[in-house]
Protein chains: 2
Amino acid sequence: MKLEKTFGDTVKKLREDKNLPLREVAEALNIDTSMLGKIEKNSRKPTKQIIEKFAKFFKVSSKDLTIAFLSDTVAYQVMEEEDFSSEVFKVAEEKVEYLKTKKSPEK
Amino acid sequence: MKLEKTFGDTVKKLREDKNLPLREVAEALNIDTSMLGKIEKNSRKPTKQIIEKFAKFFKVSSKDLTIAFLSDTVAYQVMEEEDFSSEVFKVAEEKVEYLKTKKSPEK
DNA sequence: TACTTTTGGACTGAAGTAGTCCAAAATGAA
DNA sequence: TTCATTTTGGACTACTTCAGTCCAAAAGTA
């Protein structure tokens, strides 16, 4: 699975590589055709369930697809707010580390 | 300015280091006391304007405060979704890079 | 021309959330 | 214990955001 610039581009590529129309994929995933079109255009976000369906249908790793999706949303979020993106991500990663150790049973 | 585990902890520390009650800081920032309490407890998010007011009042860098805040929100967002956090941040940073070059006038 | 796909506008219902108000709980001083 | 102040959080409102739907126009194809 190739990582495109956005989640929408990624799933669009998966679909076009198989020469399938939106309608057909949408039916397979059991979602509205227009909804799928919007997801490909990044104007609607997929739910976790839809990401799972994508992964199954296109036979790609759902972890990779989830990374593609989450990285999109956090990238846009940080972009909106001026710069400092790499600092934000660096600190965020430390916080995740900290939160993880807090969650798992200590010792 | 010390970076605490969360944005709330960070501003709480700034306040307690000066031995000020919530009421007093809230008045200075012109927000509800309860609102400030909630921000310190991370149950409400500060607006950009409030972050600016914090920075001014406590005489700390608004950039640092913004990083403290943004890293909080993206950390929680990624935490909620299983693991892969570092991969997500890595990809997100690449996307930000790409988006930045797209925004600024090419060539 | 006729058919299919793609795109996007407009809307709805639901979910989320900033901000307010108030009162109970905690803290602390006398 | 009492009194005053601070801290905490519940409940509510108003507002915004957004997934999901429906539909129709535009674009593409034969």
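Letters A, B, ... are given to chains in the order of the sequence lines, protein chains preceding strands, and every chain is numbered from 1.
B/Leu22 places its CG atom 16 Å from the C1' atom of C/dT20, with the value rounded to the nearest Å. In this entry the distance linking CG of B/Asn19 with C1' of C/dG28 reads 14 Å, nearest Å. In this structure, CG of B/Asn42 is placed 15 Å from C1' of C/dA18, rounded to the nearest angstrom. Between A/Arg44 atom CZ and D/dC22 atom C1' the separation is 12 Å, expressed in whole Å. Between the CD atom of B/Gln77 and the C1' atom of C/dG16 there is a distance of 13 Å, given to the nearest Å. Look at NZ on A/Lys45: it is 13 Å from P on C/dG16, rounded to the nearest Å. For the pair A/Glu16 CD and C/dT5 P, the computed distance is 14 Å after rounding to whole Å. The CZ-P distance, from A/Arg23 to C/dT6, rounds to 9 Å in whole Å.
With C/dT5, D/dG20, D/dT7 as the choices, the nucleotide that has an atom nearest any side-chain atom of B/Pro21 turns out to be D/dT7.
The main-chain N or O of A/Ala68 is found under 3.5 Å from a side-chain atom of B/Lys95 such that the two form a donor-acceptor pair. Counting only distance, with no hydrogens or angles, the side chain of A/Lys12 and the backbone of A/Glu40 share no donor-acceptor pair below 3.5 Å.
Contact annotation: A/Arg15 does not reach the phosphate of C/dT5 (side-chain N/O to OP1 or OP2, under 4.0 Å).
Residues B/Met1 and B/Leu65 have side chains in contact (heavy-atom distance under 4.5 Å, counting atoms from C-beta outward). Contact annotation: the side chain of A/Tyr76 approaches that of B/Leu99 to within less than 4.5 Å [non-hydrogen atoms, C-beta and beyond].
Atoms CG and CD, on A/Asp72 and A/Glu4 in that order, are 11.5 Å from each other to the nearest 0.5 Å.
Applying the salt bridge (Lys or Arg N to Asp or Glu O under 4.0 Å) rule to pairs touching residues 85-94 of chain A yields A/Glu87-B/Lys63, A/Lys90-A/Glu94, sequence neighbours excluded.
Annotation: proximity of residues 28-41 of chain B to DNA chain D (heavy atom, distance under 4.0 Å) is found for B/Ser34, B/Lys38, B/Lys41, numbered in ascending order.
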